[in-house]
There are 2 protein chains.
Amino acid sequence: MQHRTETRERILEAAASVFADKGYHDALIDEIGRRTSMSKGGLYFHFPSKEHLFFAVMDRLANKLVQRAEKAATGGSTPLNAAEEALVSVLNELSTHKRLARLLVTQGYSMGSAFEAKRSEVFERFAAVIVDKLEKAKIAGEISDVDTDLASRVWLGSLNEVVVHWLFSNGTSPKDAAPELKRLLVASLRSPSGSASGGVPES
Amino acid sequence: MQHRTETRERILEAAASVFADKGYHDALIDEIGRRTSMSKGGLYFHFPSKEHLFFAVMDRLANKLVQRAEKAATGGSTPLNAAEEALVSVLNELSTHKRLARLLVTQGYSMGSAFEAKRSEVFERFAAVIVDKLEKAKIAGEISDVDTDLASRVWLGSLNEVVVHWLFSNGTSPKDAAPELKRLLVASLRSPSGSASGGVPES
DNA sequence: TAAAACCGACTGGCTGGTCGGTTTTATAAA
DNA sequence: TTTATAAAACCGACCAGCCAGTCGGTTTTA
């Protein structure tokens, strides 16, 4: 039987929850073992180190989220709308999975500099999705000639901050802020001096 | 002689640099001692714990930055312009003090949950400055009727992300991005359906 | 001469990772 | 089907390094 992948998945799941709860540094391998009903030795049979395990968790989550974002973008009526859909889908996903949000947005830093590269990589993947849509929106004349790279950082930074604020303040779900946030971000991209070439349906 | 404050300041300075370089967790008290030419015992005479020391460092930096931002805002020709000036001043300050940027923007998380409250507090102080100016700008008719609280988070989130990207990618100074960033952020606040009531000089 | 400031060897708790050994599974010969 | 056996998977007591914080003692200052 091919239990291999199955077991790895079980470990990844437990590790994600522990990392999300405690942060990288305060997460204990033994705790992950407890939640997996597996000994430390067993864990280390599947992953060579705590660091590898953490990265595997990050990759798994990032993949899921990026996939979801890309799929959501597919449903967009226009490139700009696709970008909006991608943004909102991520916001929704994080809203309903607080642990995941914690993990992705804050809990990695305690790892030290090694995390920076991974954080960068994950954000870059999201940024790439946004940039792609915005570039197309630019060509389609939906938005003005802005620096899409910078714009993507504005989008992600805003998203990040909204989520962080939610995590730390126990306020209302960031999902509620989505419409207004979308409005703000899109408004910043519209042609400054008059109308875009194509009338575009609102989402 | 009143060496007390002086010495405290020296320690704070050294601690800031060590925390910025290594992050909270990897920063060693002994290293701070080395850079202060003071023994561990001496350090502990002035600060009761590593955590207290870190918080003191954070407070000191936050105060400096907020003061600078508020002063910069004073020079604004209009409320909106004041908000822009505040934003740019912070961006400039962080651009020229990479260590300070690291410390404020990422290195605290490794402390664990205790840091969250402090991070929140510091960001909230900046947000308050922005919100204040934007509210006035709203009254002055410079901007449309947006959620200034959310807008402040968009501003700070964008600022944060631009800085983080700079820190992790060794790209060009975020100062260079300031004009375009300012344009994007301000554009998102203009009246959506036509012109604002007052013509406003560009900064 | 007392209080403040400083020293630095030492300790105690902690936890990632190891490793010799045990159990389970897959494969194959009997 | 049963037995043999090698490999894979798992176990958990133990080790080793790390470092914040302590404390009895010394030096400096008022």
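Quantities reported herein were computed from a predicted structural model and do not represent experimental measurements. Naming: A, B, ... by sequence-line order, numbering from 1 per chain.
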Between [X] ([atom1]) and [N] ([atom2]), how many Å, whole number?
X	N	atom1	atom2	answer
A:Glu31	C:dC14	CD	P	15 Å
A:Lys22	C:dC14	NZ	P	13 Å
B:Met38	D:dT27	CE	P	17 Å
A:Phe47	C:dG16	CZ	C1'	16 Å
B:Phe54	D:dA20	CZ	C1'	16 Å
A:His52	C:dG16	NE2	C1'	14 Å
B:Arg10	C:dA5	CZ	P	13 Å

Nucleotide of D:dC11, C:dG17, C:dA5 approaching B:Phe45 most closely (side-chain heavy atoms):
C:dA5
From C-beta outward on B:Ser39, which listed nucleotide comes closest to its side chain: C:dG8, D:dT22, D:dC10?
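The listed nucleotide nearest to B:Ser39's side chain is C:dG8.
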I'd like to know if the side chain of B:Asn63 reaches the main chain of B:Asp59, judged simply by a donor and an acceptor atom lying under 3.5 Å from each other, with no hydrogens or angles considered.
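Side chain of B:Asn63 to backbone of B:Asp59: a pair is present.
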For B:Ser110, give me all partners under side chain to side chain contact (heavy atoms under 4.5 Å, CB included), at least two apart in sequence or on another chain.
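For B:Ser110 the side chain to side chain contact (heavy atoms under 4.5 Å, CB included) partners, ignoring immediate neighbours, are A:Ser110, B:Tyr24, B:His25.
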Test applied, side chain to side chain contact (heavy atoms under 4.5 Å, CB included); reference residue, A:Leu94; option that passes from A:Asn92, A:Thr96, A:Leu91, A:Val90
A:Val90
What residue among B:Thr148, B:Asp145, B:Leu134 forms side chain to side chain contact (heavy atoms under 4.5 Å, CB included) with B:Leu189?
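Exactly one candidate clears the test, B:Leu134.
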Basic-acidic side-chain contact under 4.0 Å: A:Arg35, A:Glu13:
no
Check this for me: does any side-chain nitrogen of one of A:Glu85 and A:Lys133 sit under 4.0 Å from a carboxylate oxygen of the other?
no
Are OP1 or OP2 of D:dA8 and a side-chain N or O of A:His3 less than 4.0 angstrom apart?
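For D:dA8, neither OP1 nor OP2 has a side-chain N or O of A:His3 closer than 4.0 Å.
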Does C:dA4 have OP1 or OP2 under 4.0 Å away from a side-chain N or O of B:Arg4?
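Checking C:dA4 against B:Arg4, no side-chain N or O comes under 4.0 Å of OP1 or OP2.
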For C:dG16, the Watson-Crick or wobble counterpart (both distances under 3.5 Å):
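Per the H-bond distance test, D:dC15.
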Is D:dT29 paired to anything, Watson-Crick or G-U wobble with both distances less than 3.5 Å, and if yes, which nucleotide?
C:dA2
Can you list every pair that meets salt bridge (charged side-chain N to carboxylate O under 4.0 Å, His left out) and has a residue in residues 153-170 of chain A, with sequence neighbours left out?
A:Asp149-A:Arg153, A:Glu161-B:Arg119
Which pairs, protein N/O on one side and nucleotides 15-19 of chain D N/O on the other, fall under 3.5 Å?
none

